[in-house]
Amino acid sequence: MPELPEVEVVRRGVGAHVLGRPVSRVEVLHPRAVRRHVLGGDDLSARLTGRTFTAACRRGKYLWIEVDGDEALLTHLGMSGQLLVQPPDAPDEKHLRVRFRFADSGTELRFVDQRTFGGLSLDDLVPVGAVHLPKPVAHIAPDPLEPVFEPDRVVERMRSRRTGVKRALLDQSLVSGIGNIYADEALWRAKLHFARPTATLTRPAVRRLFDAVGEVLDEALQQGGTSFDALYVNVNGESGYFDRSLAVYGQADRPCPRCGAPVRRDAFMNRSSYTCPVCQPRPRNGHW
DNA sequence: CCGCTGCCCTGCAGGC
DNA sequence: TGCCTGCAGGGCAGCG
């Protein structure tokens with residue numbers, strides 16, 4: 001469940017259900033789910049057994065659970081990953097990849113992932129600036145909901161790029177947590193076309209864009225994230241409701257909520273971009 | 001260093 | 001009915 005609001009919903013669920021509970025058994029049911037754990041599934045399992053989850057943390061779309069304070073079980077949900085808290089007698093999900101049992105014999109933590117783009121690993125925590133991050137997350141920029149996010153600095157970095165504004169929004173080393181849905185929604189709110197060159201944007205325009213990013217992420221989080229189908233759920237298997245508030249994402253041919261013009265879909269980066277052709281005119285000659 | 005393409009997977013919808 | 005293509009919310013290696 002991919003973008004920041006959905007991952008944050010899962011982080012809160014994990015934090016509420018598995019902290020302080022010693023792990024009694026880890027079953028790795030699909031090797032691809034632990035491919036980023038270099039020493040393999042048996043090692044992951046052995047090193048977690050008997051230890052206790054102490055905190056649930058997140059940066060951008062990465063989620064990790066600190067283990068006794070010095071290591072972290074790092075998770076990326078990829079396109080279709082889920083972390084579910086389930087009673088031990090609940091039937092195995094079709095795409096169950098990793099199961100964590102606890103010494104109290106209560107609920108299990110399950111990693112379920114249809115497309116196996118996501119995965120788990122156990123990593124050392126390293127200091128990065130004012131925070132500690134799992135090593136593979138060290139190069140990921142702060143997300144807009146973190147206290148260490150510095151808007152002015154990110155505005156300048158974005159303006160110094162030589163690329164289109166949507167490509168920059170999706171670059172997790174510039175600002176993290178934004179994926180295809182919230183990029184399109186924020187660009188619509190800021191009335192910017194996805195191909196607008198970052199270098200042609202004024203400082204106030206980029207600031208307005210990041211204001212829009214912050215608003216759309218906050219609103220989505222308040223509604224439990226965006227769920228188009230059963231693949232995107234919280235730890236209890238429940239869907240979010242922000243799909244009802246989407247202005248343009250997935251809304252091809254439906255009216256723009258602001259001006260009524262039909263929303264258009266364009267191919268972009270092997271994916272799709274949705275825009276209002278009136279509110280977000282395509283830039284011409286590298287300008288607008 | 002930076003920007004960009006291709007690829008890793010499974011499942012579903014729609015066209016033929 | 002079944003086969004094929006295109007598409008899906010992500011990230012990374014490797015290229016120029």
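Taking the ring axis of W64(A) as reference, the NZ or CZ atom of R59(A) does not stay both within 45° of it and closer than 6.0 Å to the ring centre.
Comparing R265(A) and R36(A) against DNA chain C, the residue whose closest nucleotide sits nearer the 5' end is R265(A). When each of D171(A) and N270(A) is assigned the nucleotide of DNA chain B bearing its nearest heavy atom, the one mapping closer to the 5' terminus is D171(A).
With rounding to whole Å, L246(A) atom CG is found 12 Å from dG9(C) atom P. Going from atom CG of L174(A) over to atom P of dG11(C) covers 14 Å, rounded to whole Å. To the nearest angstrom, C1' of dG9(C) lies 12 Å from CD of Q172(A). Summarising the geometry, the separation between CG on L217(A) and C1' on dG9(C) is reported as 14 Å, rounded to the nearest angstrom. One atom, CD of Q114(A), and another, C1' of dC9(B), lie 9 Å apart when rounded to the nearest Å. If you take CZ of R32(A) and P of dC7(B), they are 15 Å apart, rounded to a whole angstrom. Here dG3(B) presents its C1' atom at 12 Å from CZ of R162(A), a figure rounded to the nearest Å. Following rounding to the nearest Å, M79(A) (CE) and dC9(B) (P) show an atom-to-atom distance of 14 Å.
Proximity note for T116(A) (side chain, C-beta onward) versus dG9(C), dC9(B), dA8(C): the nearest is dC9(B). Checking dC9(B), dG11(B), dC12(C) against every side-chain atom of F117(A), the shortest atom distance belongs to dC9(B).
For Y249(A) and F228(A), the ring centers are positioned less than 6.0 Å apart.
Remark: side-chain polar atoms of E3(A) are paired, donor with acceptor, to backbone N or O of Y182(A) under 3.5 angstrom.
Here, dG14(C) and dC9(B) have their P atoms 15 Å apart, quoted to the whole Å. Here the separation of dT5(C) from dC7(B), taken at their P atoms, is 16 Å to the nearest Å. When the P atom is used for both dG6(B) and dG6(C), the distance is 14 Å, rounded to whole Å.
The shortest distance between the side-chain N/O atoms of T163(A) and the OP1/OP2 oxygens of dC2(B) is not below 4.0 Å.
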**OP:** Walk me through it: do T52(A) and E66(A) pass the test side-chain contact (heavy atoms from CB on, under 4.5 Å)?
**Re:** CA-CA 8 Å; T52(A) 301; E66(A) 291 188 1; over 6 Å; no
Original post:
After noting the C-alpha distance and the side-chain angles of L48(A) and L73(A), does the key distance pass the side-chain contact (heavy atoms from CB on, under 4.5 Å) rule?
Top reply: CA-CA 9 Å; L48(A) 279 173; L73(A) 175 65; 4.0 Å; yes
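Residue contacts for F228(A): at a heavy-atom cut-off of 4.0 Å it reaches a base atom on one of the strands shown. If you check every strand for non-hydrogen atoms under 4.0 Å, H139(A) touches sugar and phosphate atoms only. Residue contacts for Y62(A): at a heavy-atom cut-off of 4.0 Å it reaches the sugar-phosphate backbone alone, with no base atom in range. R35(A) comes within contact range of no nucleotide atom at all, as no heavy-atom separation falls under 4.0 Å.
Across all strands shown, dT5(C) pairs with dA13(B); the Watson-Crick or G-U wobble distances both stay below 3.5 Å.
Using a cutoff of 4.0 Å between basic side-chain nitrogens and carboxylate oxygens, R207(A) and D211(A) are not scored as salt-bridged.
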